[in-house]
Amino acid sequence: MFYATSKDGFIWEEQGVAVPRPPKPNVGWRSVTTTDILEWEGKYYLYYQAFSVAPGKNGGDNCPVAVSYADSPDGPWKPYNKEVIPNGPEGAWDQFSIHDPYPLVHDGKIYIYYKSDFGKSETTKLVRMHGLAIADNPLGPFEKHPLNPIMNSGHETTLFPFKEGVAAFAIRDGNESNTIQYAKDWVNFEIASTTELMPDAAGPFVPDAFTNTKDGRGITWGISHYTVPHGDWKRNHSVLLRFDCDLSLDIHDEKMKGHHVMPKYEDLFKHGLSSKQKERIAKETENINKTKK
């Protein structure tokens with residue numbers, strides 16, 4: 001797992017490895033991915049997906065949450081070498097994977113929001129929902145909230161304190177996708193707004209993420225990733241992008257609050273029909289013409 005630093009949020013410099021894979025058989029020995037940071041009482045904690053078996057075994061990615069800690073955001077990072085948020089029991093919604101651990105501080109405790117996939121069958125794709133685990137100590141024990149899953153939509157975890165509650169992006173997946181949701185009590189989320197051009201896997205700059213605030217000020221920018229930038233899955237990779245927005249109580253930018261974003265018609269033409277789709281439509285048209293005779 002690598003990291004980069006920036007003085008202005010625009011120009012970034014790679015710094016090298018932040019957290020290496022721990023030696024086998026420690027949790028995460030295959031891979032550590034999708035990290036997020038917590039600052040707590042002068043120390044720093046990196047939570048991440050910890051892979052210890054090959055993806056696809058046991059019905060899913062099989063990655064619990066693990067953590068490394070350090071006295072500085074530059075490390076060196078020491079792995080805790082224990083699961084801090086384990087996968088759920090057999091039959092649970094988070095049985096096979098826990099992705100995107102996202103820590104915030106609320107009510108003097110560590111709130112880690114996460115996502116999981118479940119419910120795949122021969123006729124349905126995976127359903128993605130979000131849960132919450134809470135602890136008094138960064139190393140746990142974390143207790144999963146009894147109302148889990150607490151959000152029914154959204155691909156990645158992206159949240160920030162707002163007023164007395166917490167706001168969340170519901171990106172892409174689910175019936176409530178492309179919405180910003182709000183939970184005054186930090187648990188029961190409701191749709192607050194629909195939106196366009198949402199960033200994928202957004203990592204916003206949240207100044208009051210760890211201040212235990214009861215008056216969250218919102219966000220204005222962050223970093224996100226964009227996968228398959230060349231449109232070719234055979235040479236797929238991700239690039240990091242900056243996004244800017246007005247989701248803050250401290251600014252008012254009219255140009256960031258417009259709606260009805262229209263794509264260029266050249267982009268629409270790129271979404272053409274496949275040969276099988278054209279064949280199906282031709283047969284449907286043929287059958288309609290036969291019934292008219």
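This structure is a prediction, so every number in the text was calculated from the model and none was measured.
In this structure, CG on Asp117 lies 12.5 Å from CD on Gln95, to the nearest 0.5 angstrom. In this structure, Lys24 NZ and Trp29 CH2 are separated by 4.0 Å, a value rounded to the nearest 0.5 Å. Once rounded to the nearest 0.5 Å, the distance linking CG of Asp94 with CG of Asn148 reads 7.0 Å. With rounding to the nearest 0.5 Å, the separation of NE2 in His106 from CG in Asn212 is 8.0 Å. From Tyr44, atom OH reaches atom CZ of Phe210 across 9.5 Å, with rounding to the nearest 0.5 Å. Summarising the geometry, atom CG belonging to Asp215 is positioned 8.0 Å from atom CG belonging to Asp208; distances are rounded to the nearest 0.5 Å.
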Would Thr5 and Gln15 count as a side-chain hydrogen bond (donor to acceptor under 3.5 Å, both in side chains) here? Give the steps.
CA-CA 7 Å; Thr5 59; Gln15 300 297 333; 2.9 Å; yes
For Leu159 and Thr157, run side-chain contact (heavy atoms from CB on, under 4.5 Å): C-alpha distance rounded to whole Å, both residues' side-chain angles, the deciding distance at 0.1 Å, then the answer.
CA-CA 7 Å; Leu159 302 96; Thr157 50; 4.2 Å; yes
Test Ser6 against Asp8 for side-chain hydrogen bond (donor to acceptor under 3.5 Å, both in side chains), laying out the working first.
CA-CA 6 Å; Ser6 174; Asp8 60 7; 3.2 Å; yes
For the pair Tyr48 and Asp36, evaluate side-chain hydrogen bond (donor to acceptor under 3.5 Å, both in side chains) and give the outcome as yes or no after the intermediate values.
CA-CA 7 Å; Tyr48 43 79; Asp36 215 322; over 6 Å; no
Intermediate values then yes/no, side-chain contact (heavy atoms from CB on, under 4.5 Å), Leu197 and Phe243
CA-CA 10 Å; Leu197 293 178; Phe243 71 90; over 6 Å; no
Going through the distances and angles, do Lys43 and Asp71 end up as a salt bridge (charged side-chain N to carboxylate O under 4.0 Å, His left out)?
CA-CA 5 Å; Lys43 293 186 180 294; Asp71 294 325; 2.6 Å; yes
Please evaluate residues Ile37 and Tyr45 with respect to the criterion side-chain contact (heavy atoms from CB on, under 4.5 Å), reporting the C-alpha separation (whole Å), side-chain torsions for both, the decisive distance (0.1 Å), and the verdict.
CA-CA 6 Å; Ile37 196 167; Tyr45 300 83; over 6 Å; no
Show your reasoning for whether side-chain contact (heavy atoms from CB on, under 4.5 Å) applies to Ile251 and Thr220.
CA-CA 9 Å; Ile251 67 170; Thr220 60; 3.7 Å; yes
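Residues Leu132 and Ile112 are not in side-chain contact: their nearest non-hydrogen atoms beyond the backbone lie 4.5 Å or more apart. Phe189 is listed as a side-chain neighbour of Val166, based on a closest heavy-atom distance under 4.5 Å. Using a 4.5 Å heavy-atom threshold, the side chains of Tyr114 and His130 count as separate. With a 4.5 Å cut-off on side-chain heavy atoms, Ile98 and Gln49 do not count as touching. By the 4.5 Å heavy-atom criterion applied to side chains, Asn188 and Leu147 are counted as neighbours. The shortest side-chain heavy-atom distance between Val67 and Pro138 does not fall under the 4.5 Å cut-off. Residues Tyr113 and Ile150 have side chains in contact (heavy-atom distance under 4.5 Å, counting atoms from C-beta outward). Trp186 has its side chain within reach of Leu104: a pair of non-hydrogen atoms, C-beta onward, lies under 4.5 Å apart.
The backbone N or O of Pro263 lies less than 3.5 Å from no partner atom in the side chain of Asp267, so there is not a single donor-acceptor pair. The backbone N or O of Gly165 sits less than 3.5 Å from a side-chain atom of Tyr182, completing a donor-acceptor pair. Of the possible donor and acceptor atoms, none in the side chain of Glu83 sits under 3.5 Å from a partner among the backbone N and O of Val65. Put simply, the side chain of Asp200 never gets that close to the backbone of Tyr226: no donor and acceptor are under 3.5 Å apart. Thr158 contributes no side-chain N or O that, together with a main-chain N or O of Phe169, makes up a donor-acceptor pair within less than 3.5 Å. Judged purely by atom type and a 3.5 angstrom limit, Asp173 has no side-chain atom pairing as donor or acceptor with the backbone of Ser153. Between the Asp185 side chain and the Val187 main chain, a donor and an acceptor come within less than 3.5 Å of each other. With hydrogens and angles disregarded, no donor-acceptor distance shorter than 3.5 Å links the side chain of Asn26 to the backbone of Pro22. Remark: the backbone N or O of Ala170 is not paired with any side-chain donor or acceptor of Thr179 at under 3.5 angstrom. A donor-acceptor pair under 3.5 Å is absent between the side-chain atoms of Lys283 and the main chain of Lys278, judged by distance alone.
At a threshold of 4.5 Å between side-chain heavy atoms, the hydrophobic network of Ile, Leu, Val, Met, Phe, Trp and Tyr places Met129 and Tyr102 in two separate groups. Using a 4.5 Å cut-off between side-chain heavy atoms of Ile, Leu, Val, Met, Phe, Trp and Tyr, with links allowed through other members, Ile85 and Ile134 fall into different hydrophobic clusters. Linking Ile, Leu, Val, Met, Phe, Trp and Tyr whenever their side-chain heavy atoms come within less than 4.5 Å leaves Ile219 and Trp221 in two separate clusters. Trp93 and Met151 end up in different hydrophobic clusters when Ile, Leu, Val, Met, Phe, Trp and Tyr side chains are linked at under 4.5 Å. Transitive grouping of hydrophobic side chains (ILVMFWY, heavy atoms separated by less than 4.5 Å) keeps Tyr80 and Val27 in distinct clusters.
Only one option out of Arg128, Arg172, Lys115 pairs with Glu156 in a salt bridge (Lys or Arg N to Asp or Glu O under 4.0 Å); it is Arg172.
The number of heavy-atom neighbours closer than 6.0 Å to CD of Gln277, taken from other residues, nucleotides and ligands shown, is above 12. Annotation: Glu14, atom CD; neighbour count of heavy atoms from other residues, nucleotides and ligands within 6.0 Å does not exceed 12. In this structure, Asn287 places its CG atom where more than 12 heavy-atom neighbours from other residues, nucleotides or ligands lie under 6.0 Å away. Atom CG of Leu268 has more than 12 heavy atoms from other residues, nucleotides or ligands within 6.0 Å. Surrounding CD of Glu266 are more than 12 heavy atoms belonging to other residues, nucleotides or ligands, all under 6.0 Å away. Within 6.0 Å of atom CD in Glu90, 12 or fewer heavy atoms from other residues, nucleotides or ligands are found, so the atom counts as exposed in its surroundings.
Remark: Arg217 is not positioned above the aromatic ring of Phe162, lacking an NZ or CZ atom under 6.0 angstrom from the ring centre and at most 45 degrees off the axis.
Here the closest heavy-atom approach between residue Cys63 and residue Asn87 is recorded as O-OD1, 3.4 Å. Shown here for Ser238 and His225, the closest heavy-atom pair between the two residues is OG-ND1, 4.1 Å. Between Ser72 and Trp77, the shortest heavy-atom contact is O-CZ2, 3.8 Å. The two residues Pro20 and Val32 have their closest heavy-atom pair at O-CG2, 4.2 Å. Nearest heavy-atom pair, Val206 versus Pro161, reported as atom, atom and distance to 0.1 Å: CG1-CD, 3.5 Å. Taking both residues in full, the closest heavy atoms of Glu164 and Lys184 are given as OE2-CE, 2.8 Å, listed atom of the first, atom of the second, then distance.
Between Glu176 and Gln181, the side chains place a donor N or O and an acceptor N or O closer than 3.5 Å (distance only, hydrogens not considered). Side-chain contact of Lys257 with His252: a donor-acceptor pair under 3.5 Å is present, judged by distance alone. Tyr47 and Ser68 are not linked by any side-chain donor-acceptor pair at a separation below 3.5 angstrom, with hydrogens and angles left out of the test. Residues Asp246 and Ser248 have side chains that never bring a donor and an acceptor to within less than 3.5 angstrom of each other.
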